[in-house]
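To find a chain, count down the sequence lines: A is the first, B the second, and so on, and within it residues start at 1.
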Number of protein chains: 2
Amino acid sequence: MSGLIGADDRPMREGADEAAVFDCLEPPKARALVMAGVECFADLGFDGTTTRDIAERVDLSPAAVYVHFPSKADLLFTISKLGHESALQTLEAAAASEPPGTERIGAMISAFAAWHARNRRLAKVVQYELDAIPPERRPELNRMRRRFETVFESTIEEGIEANLLTAPDVAGAAMAILSLCIDVARWYSPQGPRSPESLGRFYADLLLRMLNAAPATA
Amino acid sequence: MSGLIGADDRPMREGADEAAVFDCLEPPKARALVMAGVECFADLGFDGTTTRDIAERVDLSPAAVYVHFPSKADLLFTISKLGHESALQTLEAAAASEPPGTERIGAMISAFAAWHARNRRLAKVVQYELDAIPPERRPELNRMRRRFETVFESTIEEGIEANLLTAPDVAGAAMAILSLCIDVARWYSPQGPRSPESLGRFYADLLLRMLNAAPATA
DNA sequence: GTCTATAACCAGATAGAC
DNA sequence: GTCTATCTGGTTATAGAC
């Protein structure tokens with residue numbers, strides 16, 4: 001059961017956006033297994049999920065998992081890597097879409113927070129299942145995670161040099177921004193009052209106050 | 001192995017502060033099992049922890065766990081309840097220690113963030129293992145969690161009425177403050193540059209900017 | 001209250017037919 | 001590539017001696 005019941009009792013495909021992240025995956029059954037893995041790992045945790053849980057969701061036998069992935073942990077890595085790439089692309093696209101200063105940092109906060117809301121389950125796997133990644137594959141993810149930080153840091157630095165932002169500690173402020181956006185994956189529910197976009201705008205407004213800038217006018 | 005190696009190679013008891021939370025527990029072996037449970041659940045997750053892991057840490061057989069707790073999930077509930085109570089007491093004590101307005105909300109942020117850093121492992125269990133709590137015992141915890149929110153909300157409201165704070169959305173601002181403090185449990189390391197108290201002060205400063213107040217002078 | 005031993009079950013992963 | 005069947009080892013929890 002992956003759907004949610006909408007107000008009109010029609011099941012809504014909540015994972016529709018997450019699906020796009022995995023478009024590049026072939027063959028289709030591997031993609032289906034990955035998408036089932038996202039839902040299971042997010043809802044039950046990596047250790048709470050069995051290969052049978054994943055296989056059942058796509059009407060395959062447990063053995064079929066091992067045709068496409070060498071192990072459960074390797075399936076998790078595939079999910080986590082594509083998830084990290086998607087988040088990073090979203091963040092860097094937002095950075096590139098606006099001129100340096102208030103607009104750029106606002107767009108980044110907004111996009112990064114909204115990504116965690118829109119891709120709630122994927123984000124939960126990305127942010128909370130790092131410990132289950134096979135150790136030899138962790139450096140690849142850690143490099144991408146370090147880029148989350150440096151992109152925020154350098155944009156804040158830029159804004160300070162242009163006299164548009166202030167922060168007592170650039171690395172600390174970047175870390176706090178990142179932290180607030182990441183925690184969205186823990187609590188966000190599509191049943192709540194805010195859409196992912198609305199949450200993104202709200203967080204950008206709040207955090208721009210923190211960075212001593214005038215609230216965004218958008 | 002619960003110790004960390006200090007700069008001078010002496011093992012430091014990192015869990016010393018967490019121990020105080022469980023002082024009320026009797027008999028001593030039950031307390032020892034709870035403390036071992038905190039470390040295991042935080043480091044391996046509830047599903048990743050076996051009753052053997054817990055028992056081995058205190059040199060007991062797996063069966064000894066069931067003399068003191070009816071199940072592994074019930075041991076988790078005991079931990080989570082005492083953890084919630086400790087966090088709530090810390091928050092309410094901070095609220096009571098300062099006059100309404102900037103000082104009070106600053107003290108609350110500082111204390112709540114520092115609690116999550118100081119009691120890192122306990123906080124991880126409290127904030128990330130709610131799904132493994134037996135369903136019939138969840139309402140008790142949810143009542144306490146709701147109080148986290150209302151205490152922050154009413155304090156912000158107070159500050160706004162006194163013209164000391166501003167916020168576009170009180171519930172949203174309270175939620176963001178809570179969220180940032182909770183996420184400390186995910187990333188904080190005692191090896192990092194900031195002590196729990198220093199982190200608390202830093203977060204209070206950042207968030208008071210967000211609430212449109214002058215930075216705390218403390 | 002603690003132990004050893006074990007029941008009853010479930011996990012990840014593989015073998016080999018189709 | 002997918003299945004059924006199964007291996008091997010680990011899981012929670014209990015039984016009964018001390």
Mind checking B:Ala64 for me? I need base, sugar-phosphate or nothing, with any heavy atom below 4.0 Å counting as a touch.
-> sugar-phosphate
Atom CD of A:Glu56 and atom C1' of D:dC3: how far apart are they, to the nearest Å?
-> 15 Å
Among C:dA15, C:dG12, C:dT4, find the nucleotide with the atom closest to the side chain of A:Tyr66.
-> C:dG12
Can you tell me how far C1' of C:dC10 sits from NZ of B:Lys72, to the nearest Å?
-> 13 Å
Can you tell me the distance, in whole Å, between the CZ atom of A:Arg31 and the P atom of D:dG1?
-> 14 Å
Look at the side-chain N and O atoms of A:Thr51 and state whether any lies under 4.0 Å from the OP1 or OP2 oxygen of C:dG12.
-> yes
Can the ring centroids of B:Tyr203 and B:Phe112 be said to lie less than 6.0 angstrom from one another?
-> no
Expressed in angstrom and rounded to an integer, what is the separation of B:Leu75 atom CG from D:dA13 atom C1'?
-> 14 Å
Mind calculating the distance between CG (B:Leu33) and C1' (D:dT12) to the nearest angstrom?
-> 15 Å
Will you find, in the side chains of B:Ser71 and B:Asp74, an N or O donor that is under 3.5 Å from an N or O acceptor?
-> no
Name the closest nucleotide to the B:Leu60 side chain, picking from C:dG1, C:dC3, D:dG1.
-> C:dC3
Here the distance between atom P of C:dC10 and atom CD1 of A:Ile54, to the nearest Å, is 18 Å
From the candidates C:dA13, D:dA13, C:dT2, the one with an atom nearest any side-chain atom of B:Lys29 is C:dT2
Does A:Lys124 count as lying over the ring of A:Phe41, i.e. NZ or CZ under 6.0 Å from the six-ring centre, within 45 degrees of the axis?
-> no
Within 45° of the ring axis of B:Tyr128 and under 6.0 Å from its six-membered ring centre, is that where the NZ or CZ of B:Arg186 lies?
-> no
Nearest to the side chain of B:Arg52, which nucleotide is it out of C:dG1, D:dT11, D:dT14?
-> D:dT11
From D:dG1, C:dT14, D:dT14, pick the nucleotide closest to the side chain of A:Ala63?
-> C:dT14
Mapping A:Thr50 and B:Pro62 onto DNA chain C by nearest heavy atom, which one lands closer to the 5' end?
-> B:Pro62
Name the residue closer to the 5' end of DNA chain C, choosing between A:Asp53 and A:Pro70 according to the nucleotide with the nearest heavy atom.
-> A:Asp53
For B:Asp47, report the nucleic acid contact type (base, sugar-phosphate, nothing); a contact means any heavy atom under 4.0 Å.
-> nothing
Does a donor on one side chain sit under 3.5 Å from an acceptor on the other, for B:His84 and B:Glu140?
-> no
